[in-house]
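Please read these numbers as outputs of a predicted model, since none were measured by experiment. Atoms considered below: every heavy atom in the structure, side chains included; atoms not considered: hydrogens, waters and symmetry mates.
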Amino acid sequence: MWEVVSRASPTLGLRDAAMPIMEDLHGIVGQHIQLGVLEGDEVLFIERLTAPGAVINYTRVAGRLPLHASSSGLLLLAHAPSAQQERTIAGQLKVFTARTISTPSELRAALAEVRRQGYAFLAGHIHPDATGIAVPVRDPGGNVVAALAIVLPNDDAARSRIAVLQAASAAVSRAMEYLAPPLR
């Protein structure tokens, strides 16, 4: 069923554009690489690469997580319409760990920080041993259409991966330009 749905999915072009770049990024970081899109009030993971011995990661292809708790979800929510942001802020914020965003004020501050810095960095929000970092993938019009993320050990070296993740995201965004229909 997943195969049939994925072949008819509007995310197919996105996945095709991202996959070679995700594979290169995976070779560099040796940890989980994932691609997520906004689907209702959750992030839907349309691709994931992993490695033996990589840090724990609860996501899987076709899996979902709440927007406020994962780096991909938070990044996508920061760029979502304000009505969706307000709905999420007012809703139940599921707690996974002591570090998970759990109050409306924390979520508002986190969304502002993501928009200010251009990426989401969540250390220990889903699992105490894991850090998620997500950056935007943009369509030719500059709209955020996906989140490219890495999940790696929750340690002092995690921030050193932001630049390579941003470079990979820029490459996926450029590849998306070639998939867009010509302007008339």
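- Listed by chain and residue number, nothing satisfies the salt bridge (charged side-chain N to carboxylate O under 4.0 Å, His left out) test with Glu39 (two or more places apart in sequence, or in another chain).
- Between the side chain of Gln31 and the backbone N or O of Pro153 there is no donor-acceptor pair closer than 3.5 Å.
- A donor-acceptor pair under 3.5 Å is absent between the side-chain atoms of Thr131 and the main chain of Ala123, judged by distance alone.
- The nearest pair of heavy atoms linking Leu75 to His79 is O-CD2, 3.1 Å.
- Looking at Leu148, Ile21, Asn143, Val144 one by one, the single match for side chain to side chain contact (heavy atoms under 4.5 Å, CB included) with Val137 turns out to be Leu148.
- A continuous path of Ile, Leu, Val, Met, Phe, Trp and Tyr side chains, each step under 4.5 Å between heavy atoms, connects Ile28 with Val135, placing both in one hydrophobic cluster.
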Kindly indicate, with the supporting measurements, whether the criterion side-chain contact (heavy atoms from CB on, under 4.5 Å) is fulfilled by Leu74 and Ile101. CA-CA 10 Å; Leu74 192 65; Ile101 295 167; 4.1 Å; yes
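- Using a 4.5 Å cut-off on side-chain heavy atoms (C-beta onward), Leu165 and Val29 make no contact.
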Decide yes or no on side-chain hydrogen bond (donor to acceptor under 3.5 Å, both in side chains) for Ser72 and Ser70, but give the supporting numbers first. CA-CA 5 Å; Ser72 294; Ser70 70; 5.2 Å; no
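- The main-chain N or O of His125 is found under 3.5 Å from a side-chain atom of Thr100 such that the two form a donor-acceptor pair.
- Scanning all heavy atoms of the two residues, the minimum distance from Ala146 to Val37 falls at CB-CG1, 4.0 Å.
- Side-chain atoms of Gln166 never come within 3.5 Å of backbone atoms of Gly118 as a donor-acceptor pair (strictly under, hydrogens ignored).
- The main-chain N or O of Tyr119 is found under 3.5 Å from a side-chain atom of Gln117 such that the two form a donor-acceptor pair.
- Taking all atoms of both residues into account, the shortest heavy-atom contact from Pro20 to Asp16 is CD-O, 3.4 Å.
- Using a 4.5 Å heavy-atom cutoff, the side chains of Glu47 and Met19 are in contact.
- The backbone N or O of Arg99 lies less than 3.5 Å from a partner atom in the side chain of Thr97, making a donor-acceptor pair.
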Trace of the side-chain contact (heavy atoms from CB on, under 4.5 Å) decision for His26 with Asp24: CA-CA 5 Å; His26 186 255; Asp24 287 347; over 6 Å; no
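- When each of Val172, Leu49, Val164 is checked for a side chain to side chain contact (heavy atoms under 4.5 Å, CB included) with Leu25, only Val164 meets the rule.
- Side-chain atoms of Leu35 and Leu14, non-hydrogen and from C-beta on, do get closer than 4.5 Å to each other.
- Residues Leu111 and Ile89 approach most closely at CD1-CD1, 4.2 Å, considering heavy atoms.
- Judged by distance alone, the side chain of His68 and the main-chain N or O of Ser102 form no donor-acceptor pair under 3.5 Å.
- Within the 4.5 Å cutoff, side-chain heavy atoms of Ile133 are placed close to those of Ile162.
- Nearest heavy atom pair, residue Ala78 against residue Val114, reads CB-CG1, 3.6 Å.
- Contact check for Leu65 versus Ile126: side-chain heavy atoms found under the 4.5 Å cut-off.
- Salt bridge Arg108/Glu86: present, at least one basic N to carboxylate O contact under 4.0 Å.
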Could you go through Val43 and Leu77, starting from their C-alpha distance and side-chain angles, then the distance that decides it, and tell me whether this counts as side-chain contact (heavy atoms from CB on, under 4.5 Å)? CA-CA 9 Å; Val43 57; Leu77 184 58; over 6 Å; no
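- Among residues two or more places apart in sequence or in another chain, the side-chain contact (heavy atoms from CB on, under 4.5 Å) test is passed with Gln92 by none.
- Figure legend: Arg64 and Phe45 shown without cation-pi pairing, the cationic atom not lying both under 6.0 angstrom from the six-membered ring centre and within 45 degrees of its axis.
- Annotation for Leu38 and Ala80: closest pair CD2-CB, 4.1 Å, computed over non-hydrogen atoms.
- We find the CZ-CE distance between Arg15 and Met22 to be 8.5 Å, quoted to the nearest 0.5 Å.
- In terms of modelled atom types and a separation under 3.5 Å, the side chain of Thr88 and the main chain of Gln84 share a donor-acceptor contact.
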